Amino acid sequence: MKTQALALLAALALTAPAAAQDKIDALKLNQIQVVGTHNSYHLPADPRVLAYAAPQVTAAIEAVLARLTPEQRKAYESEFTNGGTPDIRRSLDYVEPPLSIQLAAGVRSLELDLHHDPEGGRFADPMAYRVLREKGERDLAPFFAEGMDKPGLKVLHMSDIDVRSQCPTFRLCLKDLRQWSDANPGHTPVFMIIEPKAGALPLPGAVKVLPFDAAAWDEYDRSILEVIGRDKLITPDDVRGAHATLEEAVLAGGWPTVAKARGKFIFLVLSPAGQQQYLGAYLVGHPSLKGRTSFIDAKPGDAHAAFMQEDNALADTKMVTGLVKKGYIVRSRSDIDTEEARRNDTGRRDTTLAAGPQVVSTDYYQAPNLFGNDYHVAPFKGGARCNPVSGGNC
């Protein structure tokens with residue numbers, strides 16, 4: 001009974017008052033703001049795996065950075081590392097609970113990293129585990145292996161190293177989402193951030209990471225339609241309407257209202273490492289994303305432009321705010337590579353929220369965090385709030 005009472009109190013605390021809910025319902029999807037988690041499936045890697053891989057990964061990153069121009073290196077460091085070369089023993093120090101627990105807490109954006117595995121088994125026996133077992137290590141941190149031997153998209157962060165996941169296959173993750181949604185009808189819309197992974201780790205014996213080709217994207221759409229269902233999606237076709245292009249519809253205010261999007265999911269696909277060419281196969285045969293389930297990272301002027309990935313709002317706050325004002329949906333991150341959380345530094349968080357990206361992703365939505373301080377980005381009551389830039393006077 002005590003557990004049930006606590007659960008009820010938690011649910012009541014997250015429920016927005018009726019008047020506030022009515023205001024949110026009248027807004028369009030680009031006029032709200034939600035808090036989400038970055039790499040929402042993530043379980044921490046075994047420390048011995050990180051100790052083995054970190055020096056090699058750092059050396060490989062340094063080799064790449066050495067070939068960049070000063071301007072390119074500055075852009076890279078601003079976007080990904082808070083300056084300097086990342087150390088995976090620090091940057092991977094976060095953990096997320098099961099997806100349904102996050103959604104119950106008011107999180108309204110979840111991020112999944114996908115790996116193409118058409119034959120099955122490609123990621124079932126990570127290289128770092130093999131090497132460490134050969135060296136006599138035992139009892140390495142287990143990873144949930146259900147379905148890893150079968151063909152299908154896999155959910156993990158870094159092949160061969162950072163492989164532990166709350167739901168290791170895409171369909172398992174989708175089933176969790178559908179079950180939670182069915183149990184919570186009328187929930188505020190959930191923005192699903194998807195990153196198709198590209199490129200293998202520069203380590204001896206590392207598995208080859210396959211590019212997302214037409215077959216991978218067709219499997220991706222098919223999985224969403226079969227598990228989530230078309231009736232629970234907001235797709236590019238829903239936004240485009242009679243307009244010639246998706247961007248034309250977006251700039252004309254074509255996003256549906258929150259009321260129409262309740263109980264539904266919006267899938268947004270990131271560019272791997274910010275390289276939009278990796279998403280080209282998703283557009284082939286589907287101009288302006290006709291018939292597709294998802295919106296993809298784009299630039300203003302693209303026929304399919306509706307969603308944009310601008311992870312570092314500190315780099316150009318005015319640009320992020322300008323995109324939001326025009327009607328695009330933007331995703332930004334409130335903390336990167338654990339550094340803000342370690343320092344209890346709220347500067348990036350507060351600037352990002354104020355800049356107006358509709359989706360703000362964090363590794364720490366609860367306090368205290370793993371480092372024992374209060375840094376976090378709390379979900380909004382009811383799951384969403386009026387966007388400080390595009391929400392008008394709500």
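Note that the structure is a prediction, hence the values are computed from the model and not measured.
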Would you say the side-chain atoms of [X] and [Y] include a donor-acceptor pair closer than 3.5 Å?
X	Y	value
Thr293	Asp221	yes
His376	Asn369	no
Tyr365	Glu96	no
Asp113	Tyr41	yes

Value rounded to 0.5 Å, distance of [atom1] in [X] from [atom2] in [Y]:
X	Y	atom1	atom2	value
Leu314	Ser332	CG	OG	9.5 Å
Ile336	Thr338	CD1	OG1	11.0 Å
Thr58	Ile88	OG1	CD1	6.5 Å

Taking all heavy atoms of [X] and all of [Y], pick out the closest pair and write down the distance.
X	Y	value
Leu140	Asp46	CA-OD2, 3.4 Å
Leu279	Leu270	CD2-O, 3.5 Å
Pro44	Arg164	O-NH1, 2.7 Å
Ala261	Pro189	O-CB, 3.6 Å
Ala354	Pro388	O-CG, 4.2 Å
Lys154	Asp117	NZ-OD2, 2.9 Å

Donor-acceptor pair, [X] side chain versus [Y] backbone, under 3.5 Å?
X	Y	answer
Thr245	Ser288	no
Arg138	Arg133	yes
Gln33	Leu353	yes
Gln102	Pro97	yes
Thr257	Ala26	no
Arg178	Ile228	yes
Asp238	Thr235	yes
Ser100	Trp180	no
Tyr282	Phe295	no
Asp297	Gln276	no

Is there a side-chain contact between [X] and [Y] (heavy atoms, below 4.5 Å)?
X	Y	value
Leu43	Gln166	yes
Glu340	Ser334	no
Trp217	Pro196	yes
His116	Asp213	yes
Leu112	Glu195	no
Glu219	Phe170	no
Ile224	Ser294	yes
Ile266	Phe307	no

Relative to the ring of His157, is the ring of His42 parallel (under 30°), tilted (30 to 60°) or perpendicular (over 60°)? perpendicular

Show the numbers, then the answer: is there a side-chain contact (heavy atoms from CB on, under 4.5 Å) between Ile234 and Lys260? CA-CA 9 Å; Ile234 298 294; Lys260 291 183 178 180; 5.9 Å; no

Using side-chain contact (heavy atoms from CB on, under 4.5 Å), reason through Glu247 and Asp302 one step at a time and then give a plain yes or no. CA-CA 7 Å; Glu247 184 182 50; Asp302 291 340; 5.9 Å; no

Please walk me through it: do Arg333 and His38 pass side-chain contact (heavy atoms from CB on, under 4.5 Å)? CA-CA 8 Å; Arg333 291 176 62 183; His38 164 249; 3.4 Å; yes

Tell me whether the centres of the aromatic rings in His187 and Phe265 are closer together than 6.0 Å. yes

Do Tyr220 and Phe212 have ring centres separated by under 6.0 Å? no

I'd like to know whether NZ of Lys232 has more than 12 heavy-atom contacts from other residues, nucleotides or ligands below 6.0 angstrom. yes

Should we count CG of Asp231 as having more than 12 external heavy atoms under 6.0 Å? yes

Do [X] and [Y] share a hydrophobic cluster (ILVMFWY, side-chain heavy atoms under 4.5 Å, transitive)?
X	Y	value
Leu210	Met158	no
Leu225	Val239	yes
Ile161	Phe144	no
Met192	Leu172	no

Run Lys197 and Leu114 through side-chain contact (heavy atoms from CB on, under 4.5 Å) and show every step you take. CA-CA 6 Å; Lys197 287 293 187 173; Leu114 300 187; over 6 Å; no

Under the side chain to side chain donor-acceptor pair (under 3.5 Å) test against Asp335, which residue among Thr352, Thr362, Thr346 passes? Thr362

Is [X] salt-bridged to [Y], going by a charged N under 4.0 Å from an acidic O?
X	Y	answer
Asp311	Arg331	yes
Asp93	Arg342	yes
Arg292	Asp218	yes

Name the one of Ile193, Leu177, Ile194 that satisfies side chain to side chain contact (heavy atoms under 4.5 Å, CB included) with Leu110? Leu177

Can Asn312 and Arg348 be said to form a side-chain hydrogen bond (donor to acceptor under 3.5 Å, both in side chains), step by step? CA-CA 8 Å; Asn312 186 1; Arg348 183 189 297 273; 2.7 Å; yes

